[in-house]
Student: 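The structure that follows is given in the form of structure tokens.
Convention: sequence-line order gives letters A, B, ...; per-chain numbering from 1. Being a predicted model, the structure only gives us computed values, none of them experimental.
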Protein chains: 2
Amino acid sequence: MTVSRSGVLELAVLGSLHENPLHGYELRKRLNTLLGMFRAFSYGSLYPCLKGLLNDGLIVEEEPPDDVVLGRRSKIVYKLTAEGKERLQELLTQAGPSSWEDESFGIHFAFFRHTEAEVRLRILEGRRSRLEERMENVRTALARTRERLDSYTLELQRHGLESVEREVRWLNELINTERAQADKSQSERDKRPDSDE
Amino acid sequence: MTVSRSGVLELAVLGSLHENPLHGYELRKRLNTLLGMFRAFSYGSLYPCLKGLLNDGLIVEEEPPDDVVLGRRSKIVYKLTAEGKERLQELLTQAGPSSWEDESFGIHFAFFRHTEAEVRLRILEGRRSRLEERMENVRTALARTRERLDSYTLELQRHGLESVEREVRWLNELINTERAQADKSQSERDKRPDSDE
DNA sequence: TTCAGATGTATCAGCTCGATACATCGCTCA
DNA sequence: TGAGCGATGTATCGAGCTGATACATCTGAA
């Protein structure tokens, strides 16, 4: 906590370093590739974050392999410590309201393969209800406005709402898939496919 | 420039106050209704912005109407000055790269009814090429990645790209409409519909 | 009457972005 | 050879925004 580190960035960095050790520059590229259109991190957030994680003992500098030692090392390659792995597990397990914020959701989603089915469902459903709530607010605010809005503003509203509706449908599909899988593995564990759930 | 004021917020505030004088609380509600799903401003940015605009003489406190004078005024209603109107025109006329940033585009769009057709086209086309460029980068970065990504990450990429593709199509429609209107008014001005432009 | 919730102004810590600085490496073109 | 250039690489800073919070008033309902 000594140094700036926002939780979501921490997850992104620890999750990436868990897969393989990286140095800052490459970490940024990897993360931005991973997140695609959703998000792009800047050095101004990554380097302070790495410094903070190092400071807290969650990551350490990796020793360069012997055959590179001769040259001055310019790269600083980081890898997770045991505490770092623990912390990552913690971040992957807990899913609070921040997990379905716009900025956090993509990160959590990108590391879904490491998280429990139950947590995945919680995050997906949390995001869905967050979006639906927001749409509801916008719609009622829009309906309450007395003056009539010009066509450009209305078009903006329409497009915005439609985009979010599409995301909700996408979330629904994902949730259904997750549920179907959960049910399947549940009934496999039970060894007897009863009709009652 | 004395106080914090980011250009896009300045446009949003001046544009709103141009239509009718408002106090901070109401300004925020109006702006957030106007922008719908696109953006929401916080007090932490609005009040400093109002202070800055006041400081630079672009807005002034409006005298309360006589029939309210008796009670202590708690509201501080602001309205544009002549310099404020000038500045607003300036902001509406100029369209640079910042106009097609994610955070700015919605604001510019929401005030399109006050801007020239030529500027509207510049902003729409600028945003389109910005999005296309970004998609191109993501796609090549994705193609260059050697390791294969898990299904969640791929799904995230797919959804992200699809959303942006949809926005590009939306922009195309708007651009076509704008162009058609521009051509129409152009030929009306010419009074003779020649084939060569 | 009291209390909750909307209205209203204002600030602050923490965090992020975009720009920038600086240095090295490998490549190409002359 | 070496000049130039773009990618690689680490790092910092100012400016600005969010979310939380504090505090005060007004209104209507219980």
Student: Using atom CD1 of B/Ile107 as one end and atom C1' of D/dG16 as the other, report the distance to the nearest whole Å.
Tutor: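 Taking CD1 of B/Ile107 and C1' of D/dG16, I get 14 Å after rounding.
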
Student: Under a 4.5 Å cut-off applied to non-hydrogen side-chain atoms, are A/Leu80 and A/Leu88 in contact?
Tutor: yes

Student: Quantified as the angle between the terminal helix axes (five pairs each), what is the overall bend of the helix from C/dT1-D/dA30 to C/dA30-D/dT1 to 10 degrees?
Tutor: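 Its terminal axes enclose an angle near 30°.
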
Student: With A/His18, which residues qualify under ring pair (Phe, Tyr, Trp, His ring centres under 6.0 Å), at least two apart?
Tutor: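 Listed in chain order: A/His114.
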
Student: Give the rounded distance in Å between these two atoms: CG of B/Leu35 and P of D/dT18.
Tutor: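 Atom CG in B/Leu35 sits about 12 Å away from atom P in D/dT18.
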
Student: Roughly how many Å is it from CD in B/Glu10 to P in D/dG16, rounded to a whole number?
Tutor: 10 Å

Student: Can you tell me how far apart CG (B/Leu11) and NE2 (B/His108) are? Round to the nearest 0.5 Å.
Tutor: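 Going from the CG atom of B/Leu11 to the NE2 atom of B/His108 covers 5.5 Å.
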
Student: Atom CD of B/Glu103 to atom P of D/dG16: distance rounded to whole Å?
Tutor: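 Going from B/Glu103 (CD) to D/dG16 (P), I get 13 Å.
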
Student: How would you list, by chain and number, every residue that makes a ring pair (Phe, Tyr, Trp, His ring centres under 6.0 Å) with A/Tyr78, sequence neighbours excluded?
Tutor: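 A/Tyr78 satisfies ring pair (Phe, Tyr, Trp, His ring centres under 6.0 Å) with no other residue.
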
Student: Under 3.5 Å, which donor-acceptor pairs link side chains of residues 32-41 of chain B to any protein atom two or more places apart or in another chain?
Tutor:
{"unit_1": "B/Asn32", "atom_1": "OD1", "unit_2": "B/Phe41", "atom_2": "N", "d": "2.9"}
{"unit_1": "B/Thr33", "atom_1": "OG1", "unit_2": "B/Lys29", "atom_2": "O", "d": "2.9"}
{"unit_1": "B/Arg39", "atom_1": "NH1", "unit_2": "B/Glu103", "atom_2": "O", "d": "3.3"}

Student: Let me know the distance between CZ of A/Arg28 and P of D/dT12, rounded to the nearest Å.
Tutor: 17 Å

Student: Can you sort out the partners of A/Glu118 under salt bridge (Lys or Arg N to Asp or Glu O under 4.0 Å), two or more places apart, ordered by chain and number?
Tutor: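 Here the qualifying residues are A/Arg122.
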
Student: Measuring from atom CZ of A/Arg179 to atom CG of A/Leu124, what distance do you get when rounded to the nearest 0.5 angstrom?
Tutor: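 Going from the CZ atom of A/Arg179 to the CG atom of A/Leu124 covers 10.0 Å.
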
Student: Report the distance from atom CG of B/Asp102 to atom C1' of D/dC17, rounded to the nearest whole Å.
Tutor: 15 Å

Student: For A/Phe41 and C/dC17, what is the distance between atoms CZ and P respectively, to the nearest whole Å?
Tutor: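 Result: 7 Å.
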
Student: Within 45° of the six-membered ring axis of A/Tyr152 and under 6.0 Å from that ring's centre, is NZ or CZ of B/Arg113 located there?
Tutor: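 Output no; distance or angle outside limits.
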
Student: For nucleotides 5-11 of chain C, which of its nitrogen or oxygen atoms have a protein nitrogen or oxygen under 3.5 Å away, and what is each distance?
Tutor:
{"unit_1": "C/dT7", "atom_1": "OP2", "unit_2": "B/Tyr25", "atom_2": "OH", "d": "3.1"}
{"unit_1": "C/dG8", "atom_1": "OP1", "unit_2": "B/Lys75", "atom_2": "NZ", "d": "2.9"}
{"unit_1": "C/dT9", "atom_1": "OP1", "unit_2": "B/Ile76", "atom_2": "N", "d": "3.1"}
{"unit_1": "C/dT9", "atom_1": "OP2", "unit_2": "B/Gly24", "atom_2": "N", "d": "3.3"}
{"unit_1": "C/dT9", "atom_1": "OP2", "unit_2": "B/Tyr25", "atom_2": "N", "d": "2.7"}
{"unit_1": "C/dT9", "atom_1": "OP2", "unit_2": "B/Tyr47", "atom_2": "OH", "d": "2.8"}
{"unit_1": "C/dT9", "atom_1": "O5'", "unit_2": "B/Tyr47", "atom_2": "OH", "d": "3.3"}
{"unit_1": "C/dT11", "atom_1": "OP2", "unit_2": "B/Lys51", "atom_2": "NZ", "d": "2.9"}

